[in-house]
Each structure stands twice: as structure tokens, then as C-alpha cells.
Amino acid sequence: MPIWWKSSSKEAKKKTTKESFIDALQRRFKSSESKSTSPSGGSRRRGHDIVSEKGFNSQAHSRSPSPSKNVARCQSFNEMPQAQPLPLPNLHLAGIGQTDLDSRANSQLEKGYKLQSHLPLPRPGRNPQRQERAGIDVESAIASVSSDCSTETDDPIDSQQLSPLASDCELGPRTAAGSPSSTMSKDLSPAARQISRESSTVVNLSNNNRASSPKRRPLASHVPNLQVPRHGAFMSAPDSSMSSPSRSPLRAFGGEQLMIGKPYTDFPILGSGHCSSPGSGQNSGHNSMGGDTYGQLFWQPSRGSPEYSPIPSPRMTSPGPGSRIHSGAVTPLHPRAGGGAQESLAGRPDEGKQQSHRLPLPPVSISNSSPFSHSNSATTSPSFQRSPGRVENILSPGSRWKKGKLLGSGTFGHVYVGFNSESGEMCAMKEVTLFADDSKSKESAKQLAQEIAMLSRLRHPNIVQYYGSEMVSDRLYIYLEYVSGGSIYKLLKEYGELGETAIRSYTRQILSGLAYLHDKNTVHRDIKGANILVDPNGRVKLADFGMAKHLTGQAGPLSFKGSPYWMAPEVIKNTSGCNLAVDIWSLGCTVLEMATSKPPWSQYEGVAAIFKIGNGKELPEIPKHLSDDGKDFIRQCLQRNPFQRPSAANLLQHPFVSNAATVEKPITSSASTEAPSAITNGGISLGFGQARNIPGAELERLAIHSSRVSKSNFPSSDVLISRDNISCPVSPIGSPLLQPRRSPQHLSGRMSPSPISSPRTTSGSSTPLTGGAGTVPFHYINQSAYLQEGFGNLPKPTNSLPSNGPQYWDLDGSRRVQTGSQAFQELASSEHDSLARQVQRPDYREYYDGQSVLADRVSQQLLRDHGKLNPSVDLYPSPLASRTNGA
Ligand SMILES: Nc1ncnc2c1ncn2[C@@H]1O[C@H](COP(=O)(O)OP(=O)(O)OP(=O)(O)O)[C@@H](O)[C@H]1O
């Protein structure tokens with residue numbers, strides 16, 4: 001248990017007992033218990049005791065918390081790795097040695113996933129790989145236990161027994177969340193009650209899922225041509241009620257509520273319960289699987305993610321890294337999905353160690369035949385292993401990208417380093433296994449598609465760049481910019497709190513990314529250290545857009561999603577507000593996280609923290625060592641009234657960041673002037689970069705572009721070749737490289753070149769960036785427009801850039817009004833100018849170019865490979881490509 005965790009627990013114990021709300025809870029709990037006839041009454045009492053008297057430390061004493069009961073996962077930054085689950089009851093684990101574990105797991109992988117309950121537990125002191133595997137097993141086991149216990153009563157929370165596993169690290173939150181859930185739900189917002197209600201649904205889903213697991217078949221086998229909708233589904237991702245990309249891998253193993261692995265709880269809480277359509281302005285949905293909420297609220301030992309990524313759930317995911325509340329009825333990570341789990345079983349030595357980035361291995365010796373060829377086992381067998389203890393070097397989907405070291409695991413799958421042995425370039429490969437006969441998987445695919453669509457429209461130096469994606473057999477591969485430094489969370493965990501210089505720099509960059517995102521009316525909804533990556537040069541990148549949402553229409557009730565400790569009060573209270581402002585709140589929490597190595601309110605358990613954030617009045621303690629600017633910045637962000645929070649663009653003018661030293665090193669890559677390899681190395685016409693504006697209807701048709709790969713070459717594999725997915729995102733076209741240097745506005749997103757608008761872009765069907773001009777009022781874009789045309793075809797609003805002075809969100813969230821203190825106004829010269837300064841940073845521009853080049857190469861390669869496999873692929877010829885080829 002981390003030191004800070006212990007100390008905070010003690011403090012929490014003292015504090016919580018003094019809290020009036022706790023007293024109220026006690027009274028309610030007692031009342032509830034006396035009235036309850038449920039056998040779980042005892043459980044409630046325990047939960048109550050823990051919440052009111054023991055704080056975090058109480059976790060260890062809690063008994064049998066059911067995943068579904070837990071509202072928060074508690075994981076400490078420092079000790080997550082050591083956290084070991086306690087033996088599960090009724091799982092027949094005794095006597096099972098590691099060998100048994102591995103052999104059994106391997107057997108499961110070979111024969112198909114049937115892991116349900118009799119799983120071996122991880123042993124203390126195991127190597128990282130084993131720990132990872134153990135985590136998975138434990139999750140599975142917990143899930144099973146949860147499923148078994150969760151169907152008997154109307155109150156899923158109370159009816160379930162907590163698993164001893166809960167004590168492995170952080171039972172506290174769970175207990176708190178679980179026991180008193182019914183009572184708490186009365187005190188909390190409708191969202192909380194929703195969670196409670198949904199928990200039963202989740203349980204059922206879990207059971208169903210388990211029951212169907214053995215019968216699952218790869219999605220591709222059921223869906224001849226897996227189509228990832230470009231519009232609609234893409235855009236609204238997280239809001240579908242059933243799906244949640246946020247799903248935690250745990251769910252894949254049958255349990256919907258368990259999350260293991262992230263330090264902080266993510267609540268993929270879903271919100272309001274209703275499924276909100278994309279763009280509806282109400283985020284409820286996304287997955288809302290209320291059950292997740294509780295289930296994800298406890299800390300979990302990371303599953304493999306070197307940084308303990310918030311694997312949490314679906315989006316209860318991130319927490320510390322892992323604490324996110326997601327929704328999700330979807331089980332992105334199917335039991336059979338193998339990825340990291342498989343590798344772990346194989347005993348890969350360096351998995352789980354994000355620190356040791358091993359160098360890319362030499363290309364696997366494979367035939368020159370198509371990578372999809374049967375003969376190429378490496379290609380078709382994701383779990384192919386070159387040799388024991390060696391990182392497998394598998395050709396990734398239809399391309400020359402080989403799957404290397406495991407970077408971590410998330411809700412949907414596993415992330416690996418991808419290496420192109422021909423070009424020597426690297427990327428991050430997210431591998432997600434989807435299965436067809438599972439409605440959840442379908443939803444998962446849909447939400448992933450939404451996330452992809454979201455990412456594909458974003459281009460900013462402070463946002464992880466999306467390169468492309470493809471479907472191979474039942475696996476979806478998503479290629480992303482590789483950010484080798486890991487997340488801020490990981491850095492904090494390994495090196496402790498950051499100095500103010502670093503905090504200022506990181507904050508400025510995060511704000512820059514947020515300003516860009518918000519300018520597109522898109523809210524991230526899960527800003528926290530675990531979702532912010534840092535490269536070796538000190539550049540910060542926003543990642544994990546699984547919960548991101550494009551806002552349309554007026555602001556509505558906020559979905560109960562996010563990571564509890566970073567969650568804005570209005571989200572917890574499920575009140576209407578300015579949706580974009582939730583990111584500002586989370587940013588303030590993240591600044592505190594960077595300054596203290598733990599998030600605000602971390603001394604409270606999940607439910608208590610939520611209660612504190614939602615109903616409390618006071619601000620979290622701000623470190624005295626921070627400068628006055630830093631303290632003021634945090635206060636600006638943590639204003640309970642979302643309409644009083646400055647916008648991201650405005651905060652860029654705050655002295656805390658405007659005066660920040662630029663610590664990130666500029667990139668002077670020669671790549672910035674190097675033409676994308678795809679342009680010069682011939683090959684088929686890739687279809688990117690087509691410079692034509694595609695009508696909405698046509699875009700719609702092209703959006704879902706899938707082609708079947710010859711069965712003879714690639715059995716059971718349907719390659720998803722969505723124009724968007726494959727190339728677009730980072731089409732060279734949109735790259736500054738291929739175009740005259742753009743004005744800062746381009747980079748800021750206001751006038752950014754749209755891949756589509758660009759002469760070479762075809763991707764998109766949509767012009768993600770072109771629509772970003774100015775600040776798009778929330779009501780400016782209607783959902784249909786968004787879904788059908790993407791960002792790019794949105795009418796450009798008139799210049800709505802703020803002038804001087806801080807901007808605050810107005811009550812209907814449709815526009816910003818200028819108000820604020822004189823001091824701040826003096827500091828804020830002009831948002832426009834500020835942003836201009838941001839983007840004019842030469843390093844950014846260089847970086848941007850470099851990324852474009854790499855992105856382009858990845859995209860080109862993907863298309864090229866797919867084109868070879870299936871000439872019939874309907875790819876638009878690229879004028880540039882033909883010209884190049886001709887030359
Ligand atoms: N582009 C990337 N470069 C380097 N590491 C990455 C990249 N994307 C993800 N990772 C790492 O891979 C791990 C898993 O990431 P992923 O996005 O799949 O899940 P997550 O964000 O941890 O959880 P979730 O998606 O459930 O919120 C994390 O440790 C993360 O830091």
C-alpha cells in the first residue's frame with residue numbers, strides 16, 4: 001500500500017468521522033439495515049463502517065465485496081504493483097501452482113476461452129508478466145463470482161457478496177460503494193441512483209455474457225464484412241447505452257463489474273441512464289452501465305499495463321489510471337481476445353514493464369507471401385511466439401507493422417509497440433478482439449469505431465495522433481502515434497510529484513490540446529494523468545478518447561462518466577451544465593495530481609469522494625509549495641459552478657501557463673521536409689489525399705468501406721477498410737508538409753486543413769478540421785449534420801473567438817460570455833493571439849510535420865497492403881499518388 005495512501009487513509013479516518021455527511025450516512029445505513037430483510041444487511045453494515053470510520057484503510061477489512069458493489073477501485077500510485085489479490089473463495093484455487101496457472105491459461109487460450117471461475121490466483125512476487133496474467137485471472141474469477149452472486153435480489157449491490165479479492169488493494173471504495181449503495185443513491189444525484197439501478201442490468205449482462213462466451217465466434221465469422229460506421233456510430237461513441245468502449249477487460253471475462261488495474265477508479269459511470277444519442281448533449285449513455293460504476297470504483301492492480309493503466313473499465317477506466325466510470329455493457333476485451341493475456345502466459349519477460357522499452361526485434365523471417373497468407377503463422381496467429389521469453393514479432397494486420405512489446409492493456413484490448421522493419425518507424429498498436437455473436441461486442445465495435453472517427457478528425461501536437469486502423473479476422477488494430485514516455489500517472493508513480501516548471505509546461509500543453517478539442521465542440525471527459533502521455537522530449541499528448549464526445553445542441557444533463565476523483569461536480573450531480581467545462585475541472589484535478597502525485601479527494605473512498613465532490617463546498621487542499629499563480633490556476637479550474645470556469649483557450653492566458661518555460665524540446669526532424677514515403681515508393685494508389693469534397697451521401701457510403709480478403713489468403717478475415725480508418729486520419733494531405741506552411745490558426749484547429757479539403761485527401765469523407773473555424777456554439781451544429789458530415793462539413797461559424805478577458809460558459813452552454821476579474825482580463829490579451837502564439841512555436845510546427853509524415857506512411861502502408869490483398873478495394877485513386885508513380 002502506498003505511503004500516501006496509508007497516510008491519507010489515516011487522515012481520512014479522522015476526517016470522515018467528523019464529516020456531517022458521514023453521520024448522515026450512518027443514520028441512513030442503520031435505518032436501511034433495520035428495514036432490510038436482505039441477507040446482505042451485514043454487508044451493508046460493513047460498508048457503512050468502512051465509509052464512516054475506516055476510510056481507505058478499511059478496505060483491507062472489508063469482506064466479500066462484490067465487484068458490482070464497488071464504486072471505486074483504489075489503487076495507490078506507489079504500490080499497485082505489489083498489490084496482490086487475496087484468494088478467492090469457492091474458486092478452488094488452493095494448490096494451484098504457477099505452472100498450473102500458466103498451463104491452464106494456455107490451454108484456455110488454445111481451446112477457446114472458457115475461463116469462468118476456477119482460476120488460479122496470482123502469487124506475490126511474481127514477475128510482471130505473471131502479475132499481469134494473474135490480474136486477468138483474478139478479474140475473471142471475480143467476474144464469475146460476481147455473476148454468480150448477483151442475480152438474486154433487486155438490489156444487486158446488496159445482494160452480492162464481496163470477494164476477498166477486493167481486499168487486495170482497495171476494498172475501501174468498493175465497500176463504501178457497495179454496502180450503502182441504496183442509501184447513497186438517495187443522497188447522491190440521479191446519476192448515482194442510475195448507477196445503482198444499472199448495476200442489476202450489468203449483472204444480468206454479465207451472466208448472459210458468461211453463458212454465451214463459450215459459444216462466441218469471431219465477429220468476422222458472423223459478419224462477412226464488418227462495417228464500422230463512419231458517421232453516426234463513429235461520432236457518438238460513448239453514448240450508446242449498451243456499449244461501452246469502456247469496458248474493462250474484466251468484463252471480457254464474464255464479469256461486468258470488475259476492474260483491475262488502475263490506481264484510481266474510473267467510473268464509467270454512466271450516466272443518466274439513458275442512452276444518449278451521439279450528440280444529444282446528454283451523455284448518459286455511453287454506456288452506461290451503471291453497474292460499472294460501482295464495479296469500477298475500486299482500485300485494481302494493473303493488469304498488465306505497465307503503468308497500471310486504468311484499465312478499468314470501460315471507462316471507469318482511468319484512474320489513476322484506472323478509474324473511470326464507463327458504461328459499458330460491452331466487453332471489448334473478450335475472453336478469447338488474447339493479446340496481452342496470451343503473451344503474458346507465454347511468459348514474455350518484458351511485458352508490463354513500460355520502463356524497459358526493448359528495441360525492436362529484427363523482422364521475423366517470413367515468406368514473401370502476403371502477410372495474410374496461411375503459411376504465415378506469424379501473421380495469422382496473434383499469439384505467435386518466436387521463442388520463449390522473447391517478444392513476439394508478429395506482423396500486424398496486413399501490413400509490415402510488427403507487433404512488439406506490450407505497452408499496456410486497456411478497456412478494449414492491448415496496446416503494443418508496432419515496428420515497421422522496412423522503414424524503421426514505430427507506432428502504438430491497439431489490438432482489440434471482437435466477436436460477432438455477442439451484442440456487446442458489436443456495440444463495442446461500434447463504439448470503437450466512434451472513437452476512431454473521433455480521433456481521425458483530430459490533428460494537434462498535443463493530441464495522440466491516429467494513424468489508421470484495420471480489421472483482421474476478429475481483431476481490430478488501431479494504429480496510433482507512439483508516445484514512449486508513458487503517462488503522467490506513470491511518471492508520478494515512478495518519480496513522484498513534478499516540479500512546478502514541469503507542471504506549468506505540461507499544463508500549458510494539455511490546455512493547448514483541450515483548446516483545440518473544445519474548439520471543435522468536443523469534450524474529452526476523462527482528463528487525468530493516466531490519459532496524458534509524455535514523450536521523451538517533454539511533449540504532452542492527450543490520449544484515450546474513448547469517452548470523448550462531440551457536443552451538439554444545447555447542453556443537457558451530463559453523463560455520469562469519467563474518473564471519480566477527476567469528475568466535475570455537475571457530472572456527479574447529473575445536472576445540466578457546460579459540458580466542455582468538465583474538462584476544465586478535470587484539468588484542475590490533474591494539476592493537483594501532478595503537484596502531489598495523487599488526485600484531489602484521494603483520501604476518500606470512491607463513494608465518499610464522489611459525495612464530497614458532488615455535495616461538498618470546499619476545494620481540495622492546494623499544496624502550499626505551489627506558486628500563487630499555480631494556486632490561482634487551480635482555483636479557476638475547480639469552481640463548482642461550471643459556468644464560472646474559464647475556457648481552455650482563456651486559461652492559456654493565465655500566468656501560470658502563459659509564463660511557463662518551454663521545456664519540451666523542439667523537433668528538428670528532417671522528416672518535416674521529407675515527402676511521405678508512400679508518395680515516392682510507388683505501390684498502388686492509396687486513395688488518400690484525394691482532393692475532392694465528397695458529398696454527404698457519398699461519404700456515408702464510403703464511410704463503411706469493407707472488403708473481404710480472399711479466403712485463400714486470409715481465412716475468416718474480413719478486412720475493414722474504411723476510408724477513414726485506414727488512411728485518412730493522418731493523410732499526408734492534411735499534413736502541413738505537403739502544403740505551404742499554414743498559419744497558426746490551422747494548427748489551432750480553426751482553419752486547419754482538412755484532409756478532405758486537401759487535394760490529396762479522400763479520407764475522410766469528412767473534413768474534420770475544416771469545420772473548426774472559430775468557436776462553434778453548442779447549438780450551432782445539429783446532430784444530423786455532425787453524424788452525416790463530420791466536422792468538416794459543418795458550417796463555419798463566424799468568428800466567435802473571444803476577445804480580451806476571461807471567458808466563461810453561459811448558462812445554456814451555447815456561447816461564452818466574457819466576465820471575470822480585472823486581473824485576469826489584464827492577463828488575457830487576446831485568445832486569438834494567444835493561440836496564435838501557441839501554434840507558432842516552431843517546435844510544434846516541426847513536430848506536426850514529422851507526425852504527418854509518419855502518419856502518412858502508416859496509412860499508405862496499410863492501404864498498400866490491403867490493396868495487394870484485395871485489388872477490388874474501393875479506394876479512390878490519389879492524384880498525387882499517380883503522379884508520383886508516373887514519375
Ligand atoms: N499511443 C500510445 N503510445 C504509448 N503508450 C500508449 C499509447 N496508447 C496507449 N498507451 C499505453 O497503453 C496502455 C493501454 O492504453 P489504452 O488506451 O488501451 O487503455 P487505457 O487508456 O489504459 O484504459 P482505457 O482505454 O480503458 O481507459 C496504457 O498504459 C497507455 O499508457
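Atom-to-atom distance recorded for L492:CG and L498:CG is 5.0 Å, nearest 0.5 angstrom. To the nearest 0.5 Å, atom NZ of residue K520 and atom CE of residue M454 are 11.0 Å apart. The structure places CD1 of I572 at 5.5 Å from CD1 of I610, a figure rounded to the nearest 0.5 Å. Atom CD1 of residue I532 and atom CD1 of residue I510 lie 3.5 Å apart, to the nearest 0.5 angstrom. Atom-to-atom distance recorded for E497:CD and K598:NZ is 9.5 Å, nearest 0.5 angstrom. We find the CD1-CG distance between I622 and D632 to be 9.0 Å, quoted to the nearest 0.5 Å.
Contact of the V523 side chain with the L517 side chain is not registered, since no non-hydrogen atoms from C-beta on lie closer than 4.5 Å. Counting heavy atoms from C-beta on, the side chains of E570 and N641 never come closer than 4.5 Å. When side chains are defined from C-beta on, C589 counts as touching P600, because their heavy atoms get closer than 4.5 Å. Here the side chains of V582 and I527 are not in contact, with every heavy-atom distance at 4.5 Å or above. Contact check for L592 versus L638: side-chain heavy atoms found under the 4.5 Å cut-off. The shortest distance between side-chain heavy atoms of V657 and L651 does not fall below 4.5 Å.
Between T596 and P623, the shortest heavy-atom contact is CG2-CG, 3.3 Å. Among all heavy-atom pairs drawn from S647 and I584, the shortest one is C-CD1, 4.1 Å. C637 and G588 make their closest contact through CB-CA, 3.5 Å (heavy atoms, listed as atom of the first residue, atom of the second, distance).
Checking side-chain atoms of D583 against main-chain N and O of R525 turns up a donor-acceptor pair under 3.5 Å. Between the side chain of W585 and the main chain of M567, a donor-acceptor pair closer than 3.5 Å is present. A side-chain donor-acceptor contact under 3.5 Å links T590 to the backbone of S586. Looking only at distances, no side-chain donor or acceptor of T522 sits under 3.5 Å from a matching main-chain atom of H518. Within the 3.5 Å criterion, the main-chain N or O of D526 finds a donor-acceptor partner in the side chain of N531. Checking side-chain atoms of Y565 against main-chain N and O of Y604 turns up a donor-acceptor pair under 3.5 Å. Side-chain N or O atoms of Q644 include none that pairs as donor or acceptor with a backbone N or O of Q639 at under 3.5 Å. With hydrogens and angles disregarded, a donor-acceptor distance shorter than 3.5 Å links the side chain of R640 to the backbone of G616.
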Steps toward side chain to side chain contact (heavy atoms under 4.5 Å, CB included) verdict (N521, L580): CA-CA 8 Å; N521 253 12; L580 297 180; 4.2 Å; yes
Step-by-step side chain to side chain contact (heavy atoms under 4.5 Å, CB included) determination, M594 to T507: CA-CA 9 Å; M594 291 190 283; T507 302; 3.3 Å; yes
Hey, mind stepping through Q636 and R645 against side chain to side chain contact (heavy atoms under 4.5 Å, CB included) and telling me if it holds? CA-CA 6 Å; Q636 292 282 347; R645 289 174 216 148; over 6 Å; no
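Applying the ring pair (Phe, Tyr, Trp, His ring centres under 6.0 Å) test to F633 and every residue at least two apart in sequence or in another chain returns H654, F656.
If you check the side chains of E593 and W566, you find a donor sitting under 3.5 Å from an acceptor.
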